[in-house]
K.L.:
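This is the structure, below, for whatever I ask next.
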Amino acid sequence: MNNQGPKHRILIVDDEEIIRLALKKILERNGFVIDEADTAVDGLAQLERHDYSLVISDQKMPGMSGLEFLAQAKTLCPQSIRILTTVAFNVAAHIDEINRAEVFQFIVKPWESENLLETVHRGIKKFENEFRSESLHESSLAASETLATTALSLENEHEAMQAQIQNLKANWQQTIQINLQTAQTICPWLSTQAQNVRRLCASMASTLELESSEAELLDISAQLYDIGMVSVPPELARRWRKSPDQLTDSEWDIIHQHSSVGANLARFEAPFQGVAELIRCHHERLDGSGFPFGISGDQSVSYTHLTLP
């Protein structure tokens, strides 16, 4: 592994030179080592020569799409975090390709430097965490080899069962993360906000002494509560956050619809069917001034599948 030094190496793959230069300038200013490639083929050749902490690829390139390139990049440099840049992108139509490439995040062109750097730093943090986790995992395997011969059969059965459980959990978490990444494509600030909401809900679950199943339902809802922002144009989402008093009635109509859109996107089966209604009601208020229903007081509880103390 070549990325244990103070500087992380990033590969930028884009057929537009002006985009590569802009990205390189921003990232080099922030202490990263940057390599460039103007085609997917050249990018794959770079991956065979170097290890990268992060790979940033444009989606629309001649000869090979960004998702196709990132899928091959995953094979050549599996430890790298993969980011896709795009002008317009239908996430739902490319779910299988996104899963194969294990795309960490999308960056919508044209980007704001602040949002771009926030996404890159999150990717680098994920790379560092996974690198540490991998190192700890390798150390643990080395230490356990001395015990393997005494219970090999039992261990194999246990590992097979755990692998199946972990695969199920990983697939479920991946579904949640894809939905979350979709919303963050529109509003990059949702990542930090969702973390804050998740901590608040964890505190609520502890204070109310919720059952583990109810606490898990609340946690999933906290992660996905604003997934409906995919229906809100990025510029409108930005203005709603910074200057809500300047929105028109028609723009407010779009904003008011996003919680219902999120509920429709989160129609899970049991035991998580309550997630949709928690998302739908997350803008309701006790005084009845919220949306989409304008319910007040204890009425909001009746719209969920939770039985709160």
Side-chain angles (χ1 to χ4, degrees), residues 104-105 118 122 125-126 129-130 132-133 136 161-162 164-232 237 240-241 255-309:
F104 168 70
Q105 184 67 40
E118 181 180 350
R122 285 205 310 272
K125 184 176 181 179
K126 178 178 174 63
N129 289 339
E130 291 185 352
R132 284 193 292 268
S133 176
L136 290 173
M161 183 179 295
Q162 287 299 312
Q164 291 178 359
I165 293 172
Q166 290 303 319
N167 284 337
L168 289 173
K169 288 182 177 180
N171 289 337
W172 170 243
Q173 286 298 322
Q174 189 173 58
T175 299
I176 292 176
Q177 289 304 312
I178 287 174
N179 281 288
L180 190 56
Q181 288 169 11
T182 301
Q184 290 171 6
T185 299
I186 305 298
C187 304
W189 45 267
L190 283 178
S191 175
T192 301
Q193 189 162 299
Q195 291 174 14
N196 293 335
V197 172
R198 194 177 183 187
R199 283 193 291 268
L200 175 62
C201 288
S203 178
M204 289 170 55
S206 176
T207 300
L208 295 173
E209 298 182 351
L210 297 184
E211 297 291 337
S212 60
S213 60
E214 294 176 331
E216 184 177 12
L217 189 151
L218 191 60
D219 179 64
I220 294 170
S221 302
Q223 293 180 68
L224 299 177
Y225 78 100
D226 248 346
I227 183 62
M229 290 300 294
V230 296
S231 66
V232 180
W240 177 40
R241 187 184 182 207
I255 295 297
H256 285 165
Q257 292 170 12
H258 84 271
S259 58
S260 293
V261 171
N264 290 331
L265 290 173
R267 289 185 177 276
F268 300 128
E269 298 296 330
F272 300 114
Q273 68 269 35
V275 170
E277 292 306 328
L278 286 174
I279 291 174
R280 192 189 309 278
C281 295
H282 80 271
H283 274 291
E284 299 291 353
R285 297 186 177 183
L286 288 174
D287 62 3
S289 63
F291 59 84
F293 301 118
I295 52 183
S296 61
D298 291 339
Q299 286 180 299
S300 59
V301 176
S302 68
Y303 280 86
T304 75
H305 291 78
L306 284 176
T307 304
L308 301 181

K.L.:
At what distance, to the nearest 0.5 angstrom, does CZ of R199 lie from CG of D219?
P.N.:
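Those atoms lie 12.0 Å apart.
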
K.L.:
Kindly assign one of parallel, tilted or perpendicular to the pair F291 and H256, based on the angle between their ring planes and the thresholds 30° and 60°.
P.N.:
tilted

K.L.:
In the structure I gave you, are the side-chain heavy atoms of W240 and V232 within less than 4.5 Å of one another anywhere?
P.N.:
no

K.L.:
Just how far is it from atom CD1 of I255 to atom CE of M229, taken to the nearest 0.5 Å?
P.N.:
5.5 Å

K.L.:
What distance do I279 atom CD1 and N264 atom CG have between them, rounded to the nearest 0.5 Å?
P.N.:
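Here the rounded value is 10.0 Å.
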
K.L.:
Nearest 0.5 angstrom please: I295 CD1 to L286 CG, how far?
P.N.:
10.0 Å

K.L.:
Give me the atom names and distance for the closest heavy-atom approach of A276 to A263.
P.N.:
O-CB, 3.2 Å

K.L.:
As a quick check of understanding, evaluate side chain to side chain contact (heavy atoms under 4.5 Å, CB included) for Q223 and V197, giving each step before the final call.
P.N.:
CA-CA 8 Å; Q223 293 180 68; V197 172; over 6 Å; no

K.L.:
Mind checking what makes salt bridge (charged side-chain N to carboxylate O under 4.0 Å, His left out) contact with K125, not counting sequence neighbours?
P.N.:
none

K.L.:
Taking the side chain as everything from C-beta on, heavy atoms only, tell me whether T207 gets closer than 4.5 Å to M204.
P.N.:
no

K.L.:
Any chance you could measure S213, atom OG, to L218, atom CG, to the nearest 0.5 Å?
P.N.:
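Result: 11.5 Å between the selected atoms.
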
K.L.:
Do side-chain atoms of S221 reach the backbone of L217 as a donor and acceptor pair under 3.5 angstrom?
P.N.:
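Here the side-chain-to-backbone pair exists.
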
K.L.:
State whether the number of non-hydrogen atoms from other residues, nucleotides or ligands found under 6.0 Å of E211 atom CD is greater than 12.
P.N.:
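Not more than 12 within 6.0 Å, no.
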
K.L.:
Could you state the interatomic distance from CG (D226) to NE2 (H283), rounded to the nearest 0.5 Å?
P.N.:
5.0 Å

K.L.:
May I ask you to test the E284-S289 pair for a side-chain heavy-atom distance under 4.5 Å?
P.N.:
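They are not in side-chain contact.
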
